[in-house]
Amino acid sequence: MADMILRTSLTSPFGRKPRLAAAVLGLSGWIEVTPADTFDDNDSLRAQNPLGKVPTLVLADGSTLYDSRVILEYFDHLAGGGRIIPSEPEARFAALKLQALGDGILDAGVLRRLETLFRDEPSWSQRWLGYQSGKMNRALDVLDMAPPSDTDILVGEIAVACGLGFIDFRLGDDWRAGRSRLAGWYERFAARCPGFAETAPR
Ligand SMILES: N[C@@H](CCC(=O)N[C@@H](CS)C(=O)NCC(=O)O)C(=O)O
């Protein structure tokens with residue numbers, strides 16, 4: 001019997017973050033993933049999280065936690081602390097900053113996706129799409145100049161990997177072109193990170 005319910009779709013890149021973190025921390029057995037449809041007015045997700053966003057974690061006592069950053073911090077706490085969020089300040093803030101960069105790629109990518117979902121193609125704002133793509137491309141360039149760790153699996157590596165996986169799954173941008181260091185990092189991360197294949201969006 002699972003102790004916690006994770007509300008997410010299996011395609012959500014933000015939902016993939018806690019699924020991946022749980023695999024890394026050996027917590028997957030305690031968590032039941034229950035699909036949520038953010039567009040369904042009647043989905044209980046909106047009672048669990050007024051923002052109606054995934055991921056949302058429902059604890060055994062019925063209380064909830066969101067968003068993905070808070071859930072990852074909670075999982076780290078359950079696993080003893082300092083596992084995916086270092087305790088030592090320099091490493092801690094580096095990891096949190098890298099997570100913010102990965103999440104920022106996702107925020108911009110999700111906004112691009114929503115633009116194309118909520119409007120018909122002739123109405124897409126190319127200016128808006130380009131504005132969001134600019135954020136993503138600058139962040140990817142920074143990551144290519146200094147790729148994440150090849151040994152650690154911290155919140156930063158998890159967020160960046162989920163961001164890159166989302167681009168491949170939903171946007172199809174050729175982000176690897178001219179970014180061989182980041183592409184190499186991603187390939188190695190995919191091979192070494194527990195749960196990476198199992199949590200691929202589908
Ligand atoms: N900052 C949030 C972002 C979560 C988010 O944007 N999730 C998307 C799915 S990937 C969502 O729920 N979108 C539906 C909506 O915004 O209504 C987190 O880190 O969990």
Side-chain angles (χ1 to χ4, degrees), residues 8 10-26 55 67-69 71-73 75-76 79 82-116 126-202:
T8 186
L10 298 182
T11 53
S12 166
F14 282 108
R16 191 181 188 188
K17 286 177 60 192
R19 291 167 64 219
L20 210 44
V24 169
L25 295 169
D67 58 7
S68 68
R69 285 168 284 214
I71 298 171
L72 263 55
E73 180 143 2
F75 285 176
D76 187 60
R83 297 272 305 276
I84 56 171
I85 304 177
S87 311
E88 186 273 315
E90 192 177 339
R92 177 183 181 82
F93 290 109
L96 292 174
K97 179 180 170 185
L98 187 61
Q99 176 175 228
L101 194 65
D103 283 0
I105 291 172
L106 278 178
D107 282 329
V110 167
L111 286 173
R112 274 177 56 191
R113 163 109 179 124
L114 291 178
E115 175 73 4
T116 61
Q126 295 302 332
R127 189 168 163 227
W128 177 251
L129 293 172
Y131 183 65
Q132 299 305 332
S133 295
K135 293 176 190 292
M136 297 177 74
N137 287 329
R138 290 191 300 275
L140 293 167
D141 287 344
V142 163
L143 286 166
D144 185 60
M145 273 185 277
S149 167
D150 258 331
T151 50
D152 294 336
I153 302 181
L154 305 175
V155 287
E157 284 77 22
I158 290 172
V160 169
C162 290
L164 298 176
F166 174 74
I167 298 175
D168 284 343
F169 179 62
R170 283 294 193 209
L171 304 178
D173 298 2
D174 187 11
W175 64 265
R176 291 172 179 80
R179 298 192 188 101
S180 56
R181 279 171 296 206
L182 183 58
W185 174 81
Y186 182 58
E187 203 172 309
R188 292 188 296 278
F189 184 83
R192 76 185 171 90
C193 179
F196 198 78
E198 294 85 341
T199 60
R202 60 185 161 85

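Every value quoted in this text rests on a predicted model; they were computed, and no experiment measured them. In this chain, residues are counted from 1 in sequence order.
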Any residue meeting side chain to side chain donor-acceptor pair (under 3.5 Å) with [X], in chain and number order, not counting sequence neighbours:
| X | result |
| --- | --- |
| Arg19 | none |
| Arg83 | none |
| Asp103 | Lys17 |
| Arg188 | Asp150 |

Would you say Asn137's side chain and Ser133's backbone share a donor-acceptor pair under 3.5 angstrom? yes
Contacts of Arg92 that satisfy salt bridge (Lys or Arg N to Asp or Glu O under 4.0 Å) - sequence neighbours left out: Glu73
Taking only residues two or more places apart in sequence, or in another chain, which ones meet Asp141 in a salt bridge (Lys or Arg N to Asp or Glu O under 4.0 Å)? Arg179
Any residue meeting side-chain contact (heavy atoms from CB on, under 4.5 Å) with [X], in chain and number order, not counting sequence neighbours:
| X | answer |
| --- | --- |
| Glu115 | Arg119, Trp124, Ser125, Trp128, Leu129 |
| Lys135 | Ala108, Tyr131, Gln132, Arg138 |
| Glu90 | Glu88 |

Acceptor/donor pairs from residues 160-175 side chains to any protein atom, 3.5 angstrom cut, sequence neighbours excluded:
| from | atom 1 | to | atom 2 | distance (Å) |
| --- | --- | --- | --- | --- |
| Asp168 | OD1 | Trp175 | NE1 | 2.9 |
| Asp168 | OD1 | Arg176 | NH1 | 3.0 |
| Asp168 | OD2 | Arg176 | NH1 | 3.4 |
| Asp168 | OD2 | Arg176 | NH2 | 2.8 |
| Asp173 | OD1 | Arg112 | NH2 | 3.0 |
| Asp173 | OD2 | Arg112 | NH1 | 2.8 |
| Asp173 | OD2 | Arg112 | NH2 | 3.4 |

Considering only residues two or more places apart or on different chains, which pairs with a residue in residues 190-202 satisfy side-chain hydrogen bond (donor to acceptor under 3.5 Å, both in side chains)? Arg16-Thr199
Please name all residues satisfying ring-ring contact (aromatic ring centres under 6.0 Å, His included) with Phe189, sequence neighbours left out, ordered by chain then number.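 Scan of Phe189 (ring-ring contact (aromatic ring centres under 6.0 Å, His included), adjacent residues dropped) gives Trp185, Phe196.
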